[in-house]
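See below for the structure under consideration.
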Amino acid sequence: MPVSSGARLATRTYTGAVRTIVLLGSTGSIGTQTLDVISSRRDEFRVVGLAASGSNVELLAQQVIEFQPDVVALARAAAANSLQKALYAEAERRGWSEGGYALPRLLLGPDAAAELAAAECDVVVNAVTGAAGLRPTLAALRRGTTLALANKESLVIGGRLVVDAAAPGQIVAVDSEHSAFAQALRAGRSDEVRRLVLTASGGPFRGRARDELRDVTADQAMAHPTWDMGRVITINSATLVNKGLELIEAALLYGVDYDDIVVTVHPQSIVHSMVEFHDGSTIAQASPPDMRLPIGLALTWPKRMRDAASPCDWTTAASWTFEPLDDATFPAVELARRCGRAGGTAPAVFNAANEACVDAFCDGRIGFLDIVDTISRCVSEHLADGHVPDEGLTLDSVLRADEWGRARAAELAGAMS
Ligand code: NDP
Ligand code: MG
């Protein structure tokens, strides 16, 4: 299999009616749903590159055989051999003879996804999980490609760096709430917007008091009531850290002040978010919880994709409820607001400490409440010493803050177990 580990990809020009897609994080929840959307629309899209970390080579091999990308990027170089074996096994399973299919070029190593993100294509879908998405996000933006962004962490931690690298409209949100904002914002002028109303399902522990959360397990936290997602975002939805990340994501994407974004709990996850205009009108975007709708919209933005997902059923009775967020039990959103206002490297520490704590919680080393308590402590320490404000922000300072937040949270978690 041809392998390249550092050289720029040879560029290939894709023009015409077919949109060419590079999909980063193809084996994850968003990645597989993106391929699901594309699979029934082969005349509209062509997948030219796939990237994954390498923990599920069987699934990746199925995707490669199915979509025939030109290039595959693997973060774990050691997984290359297993991928090759899985590819031959998958081709054999389908009864294909040797030579009956094209093997993709392979990019290997921690920078492989970023290298692929800089390849020529119409849309890069960044559905990698966590801070590892930052370099690919910057690479796609610098190349000038439309970025369908699921990996909110890269925008949150990169902050001004990512915003300044993006041309107007270059980032299209995949996150359902931010897709809802984009849709609702079409209803008025930007100077008519009063505030953004960010909806939250409330997660599996909605309605509980803080004391009732002390002993909850990772299995309980993984049981999300309305969405089926990857591990990190599911735990983040239980702690409300996800809503905190989304608050910062909304402020950065739409240039809205932190005072003008309010969070409301909407357990049915049908209204994906709302925009309130200065005449008192509120425009909501509603659809059953199905990520294929915002994924489809991000692939074809500003046009809509016909039948991307099922609409609401108005022939049966339904009720939608809204309630304020219990900030005393779920302090993650206010902590994120503090980090967002501080800007610079504060959101990177918020996210990095969280990623370390999610691992520690899932391994049974810390309790559920320790997650946000530990993030809060890391953020306070960082703001007191080491914080770099927006004006001095560089990729290096973001990466250093990320490394520090991860290490400090792991150290604090270690002292608890
Ligand atoms: P998953 O954990 O299900 O999938 C993550 C994907 O990223 C996998 O394909 C994984 O590969 C890949 N990956 C991890 N590290 C790297 C790396 N260094 N280089 C290349 N690929 C890598 O996550 P989700 O799909 O749930 O979430 C992805 C992103 O989308 C997150 O930022 C999340 O917050 C966001 N999001 C998700 C939603 C959802 O419904 N799931 C909704 C809204 C936003 P491998 O399988 O090989 O490990
Ligand atoms: Mg969301």
Side-chain angles (χ1 to χ4, degrees), residues 22-36 49-64 72-80 82-83 86 107-117 124-137 139 148-157 173-181 198-201 203 222 224 226-237 240-250 253 263 266 269 271-273 285 289-295 298 351 354-355 358-359 362:
V22 159
L23 173 57
L24 314 176
S26 65
T27 50
S29 163
I30 294 291
T32 51
Q33 292 180 87
T34 303
L35 291 176
D36 186 41
L50 293 175
S53 87
S55 54
N56 190 349
V57 288
E58 286 76 23
L59 177 58
L60 184 57
Q62 283 170 27
Q63 296 176 341
V64 169
V72 169
L74 272 183
R76 283 171 33 214
S82 342
L83 174 63
L107 302 172
L108 299 175
D111 290 332
E115 193 180 346
L116 180 56
V124 169
V125 180
N126 187 350
V128 167
T129 204
L134 178 58
R135 285 184 197 275
T137 280
L149 187 66
N151 177 263
K152 65 195 90 181
E153 296 92 332
S154 56
L155 174 60
V156 168
I157 73 176
V174 169
D175 219 350
S176 54
E177 295 79 358
H178 305 74
S179 177
F181 287 139
L198 180 62
T199 55
S201 72
M222 282 300 291
H224 196 277
T226 47
W227 294 102
D228 183 13
M229 308 174 287
R231 180 183 69 109
V232 178
I233 184 173
T234 305
I235 301 293
N236 290 354
S237 299
L240 271 291
V241 163
N242 183 51
K243 214 44 61 181
L245 294 171
E246 290 182 353
L247 175 86
I248 301 174
E249 181 185 11
L253 268 181
V263 174
H266 167 54
S269 300
V271 172
H272 297 295
S273 277
Q285 186 265 324
D290 184 341
M291 285 306 294
R292 288 174 304 178
L293 192 143
I295 290 169
N351 178 69
N354 177 59
E355 287 185 24
V358 168
D359 284 344
C362 291

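Both ligands and their constituent atoms are indexed starting at 1 by order of listing.
- For the side chain to side chain contact (heavy atoms under 4.5 Å, CB included) with Met291, the qualifying choice from Ser29, Ser179, Ser176 is Ser176, the only one to do so.
- Remark: Glu246 engages Lys152, Lys243 in a salt bridge (charged side-chain N to carboxylate O under 4.0 Å, His left out) (not counting sequence neighbours).
- Contact atoms of ligand 1 toward Asp175: 43 (C), 44 (C) (distance under 4.0 Å to a heavy atom of the residue).
- Among all non-hydrogen protein atoms, the one lying nearest atom 35 (C) of ligand 1 is Ala150 O, 3.2 Å.
- Below 3.5 Å of separation, one finds no N or O of Ser176 facing any N or O of ligand 1.
- Taking any N or O of Gly54, backbone or side chain, at least one lies under 3.5 Å from an N or O belonging to ligand 1.
- For ligand 1, the atoms sitting less than 4.0 Å from at least one non-hydrogen atom of Lys152 are 32 (O), 34 (O), 44 (C), numbered in the order shown with element in parentheses.
- Atom numbering of ligand 1 starts at 1 in the shown order; those under 4.0 Å from a heavy atom of Gly25 are 6 (C), 7 (O), 9 (O), 12 (C).
- Atom 40 (O) of ligand 1 has Met229 CG, 3.2 Å as its closest protein atom, hydrogens excluded (heavy atom only).
- For the Mg ion (ligand 2), the tally of protein N/O/S atoms lying closer than 2.8 Å stands at 3.
- Of the N or O atoms in Glu153, one or more lie within a sub-3.5 Å distance of an N or O in ligand 1.
- Close contacts between ligand 1 and Ala75 involve ligand atoms 17 (C), 18 (N), 19 (N) [criterion: under 4.0 Å to a heavy atom].
- Applying the side-chain hydrogen bond (donor to acceptor under 3.5 Å, both in side chains) rule to Thr34 yields no partners; only residues at least two apart in sequence or on another chain are considered.
- Which parts of ligand 1 touch Ser26 is read off a 4.0 Å heavy-atom cut-off, strictly below it: atoms 9 (O).
- For atom 33 (C) of ligand 1, the closest non-hydrogen atom on the protein side is Ile233 CD1, 3.9 Å.
- Ala75 meets the side-chain contact (heavy atoms from CB on, under 4.5 Å) test with Ser53; sequence neighbours excluded.
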